[in-house]
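All of these numbers come straight from a predicted model, not from anything done at the bench. Order of appearance sets the numbers: ligands from 1, and atoms from 1 within every ligand. Nothing fancy with the numbering, it's 1 onward along the sequence.
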Amino acid sequence: MSAVFERIAIIGAGLIGGSIARGAMEKGAAGAVSIFDMDAASLKRAGEIGLGDVRATIADAVRDADAVFLCVPVGAMGQTGRDSAAAMKAGAILTDVGSVKGSVAKELHAAAKPGVHIIPGHPIAGTEKSGPDAGFGALFEGRWCIITPDGGGDAEYRAATDRLAAFWEKLGSKVERMDAQRHDLVLAVTSHLPHLIAYNIVATAYDMESVTEGEVVKFSAAGFRDFTRIAASDPTMWRDVFLNNKEAVLEVLGRFDDDLTALRKAIRNSDGKTLFDVFTHARGIRRSIIDAGQDTAAPNFGRDIDEKK
Ligand code: NAP
């Protein structure tokens with residue numbers, strides 16, 4: 001079967017960029033990969049581990065590419081988008097993998113030049129690791145990839161959107177088309193708020209650490225350990241997510257505050273029925289996530305217990 005794109009360019013040789021590069025070559029979704037990272041050490045490493053043809057500038061990386069994937073933190077999408085669009089060939093696709101879509105789509109559309117198709121995207125897959133060595137080709141298998149194409153595009157634009165969808169499907173993803181604002185609200189609930197809570201719980205526990213003299217770490221139970229894993233995610237990436245999805249996160253945070261206040265009240269009033277009902281409902285939601293194939297029912301969520309592996 002032929003490749004979807006003859007050559008793709010990856011800007012940002014980290015976890016997601018490295019995984020796209022590996023997946024594209026392993027699964028035959030691209031004939032060749034050009035790669036650029038502003039960090040000289042990361043770029044050198046990307047070359048050493050064979051992620052693609054190392055290019056010294058963004059312009060060099062994108063010039064002969066049929067699709068350009070911006071895999072940098074959300075705050076760097078605007079600049080890398082402008083630098084890419086300026087050097088891309090007509091008919092090529094400019095896309096990204098950012099965890100926020102409204103602000104990124106706006107910046108990419110502003111960077112657009114005639115003949116370059118802007119199709120923002122977000123693969124809902126990742127780990128808490130970062131850097132060129134963190135990527136692996138199977139990362140996107142069975143995971144959703146949301147793309148947020150411009151609703152009113154012409155036939156050429158629609159064909160480009162279908163090609164991008166075909167690329168992600170070849171990497172093993174299930175593709176969903178969505179409005180950028182809708183994406184940002186959904187992800188604020190399912191990803192952004194959980195990360196904020198994890199960062200906050202770990203910060204609270206760290207403060208408690210001085211009170212309990214090491215016991216938080218020593219007796220850290222599975223629940224807390226899961227939060228620390230989430231809170232180990234890249235600080236630059238998550239800072240940019242919250243700065244760029246303010247509105248949706250603040251809306252969801254308001255609702256979360258209300259629900260937390262209700263739980264606090266139930267505990268204070270020894271209202272066991274309310275606590276039991278909320279926990280039972282939550283357990284049902286967990287069941288539906290497993291039934292939808294979004295997680296495993298295996299103990300420890302099917303993860304290898306040895307962190308070093
Ligand atoms: P990462 O492993 O830290 O990789 C990002 C790479 O981009 C780093 O090597 C970084 O270099 C480089 N970079 C930063 N600014 C750049 C610029 N202006 N030009 C060129 N390279 C630049 O991060 P990641 O986890 O792959 O995340 C990349 C994007 O994917 C983010 O937008 C994130 O929202 C999105 N995403 C992440 C996940 C996840 O779970 N991690 C999931 C889905 C989507 P430095 O190290 O020097 O900064």
Side-chain angles (χ1 to χ4, degrees), residues 9-23 34-49 51-52 54-62 68-87 94-105 107-108 111 120-137 139-141 143-148 168 171 173 176 180 183-184 186-188 190-192 194-196 198-199 229-245 249:
I10 302 287
I11 309 302
L15 166 71
I16 302 295
S19 297
I20 295 175
R22 286 193 188 282
S34 303
I35 200 144
F36 171 78
D37 194 292
M38 71 166 188
D39 182 68
S42 295
L43 188 59
K44 183 165 173 276
R45 184 67 189 148
E48 284 165 2
I49 60 176
L51 290 186
V54 166
R55 302 280 169 92
T57 64
I58 288 191
D60 285 345
V62 306
V68 175
F69 292 79
L70 304 178
C71 304
V72 297
V74 166
M77 292 294 181
Q79 189 57 54
T80 51
R82 283 187 289 280
D83 293 348
S84 297
L94 177 58
T95 186
D96 76 297
V97 298
S99 306
V100 179
K101 292 279 56 82
S103 64
V104 172
E107 293 204 85
L108 296 190
H122 177 204
I124 315 290
T127 74
E128 67 282 15
K129 308 255 164 60
S130 38
D133 287 290
F136 55 100
L139 177 63
F140 308 109
E141 284 174 7
R143 316 308 304 184
W144 285 103
C145 179
I146 296 176
I147 54 175
T148 63
W168 281 111
L171 264 55
S173 287
E176 180 96 0
H183 166 279
D184 287 354
V186 171
L187 269 291
T190 59
S191 172
H192 306 171
H195 275 83
L196 195 69
Y199 281 124
R229 186 186 60 78
I230 298 172
S233 300
D234 186 64
T236 306
M237 168 184 159
W238 284 99
R239 178 203 60 198
D240 286 5
V241 166
F242 292 112
L243 293 181
N244 285 278
N245 197 20
V249 168

Quick one: list whatever passes side-chain hydrogen bond (donor to acceptor under 3.5 Å, both in side chains) with Thr57, sequence neighbours left out. Asp60
With sequence neighbours excluded, residues passing side-chain hydrogen bond (donor to acceptor under 3.5 Å, both in side chains) with Ser233: none
Heavy atoms of Thr95 and Gly121 approach each other most closely as OG1-N, 3.8 Å
Leu243: side-chain contact (heavy atoms from CB on, under 4.5 Å) partners, not counting sequence neighbours: Arg239
Give me the ring orientation class for His195 and Trp238: parallel if the planes are under 30° apart, tilted from 30 to 60°, perpendicular past 60°. parallel
Set of residues that line ligand 1, where lining means a heavy atom lies under 4.0 Å from it: Gly12, Gly14, Leu15, Ile16, Phe36, Asp37, Met38, Asp39, Ser42, Cys71, Val72, Pro73, Val74, Ala76, Met77, Thr80, Val97, Gly98, Ser99, His122, Pro123, Ala125, Gly126, Thr127, Ser130, Gly131, Met237
Okay, side chain of Asn244, backbone of Ser103: is any donor-acceptor separation there less than 3.5 Å? no
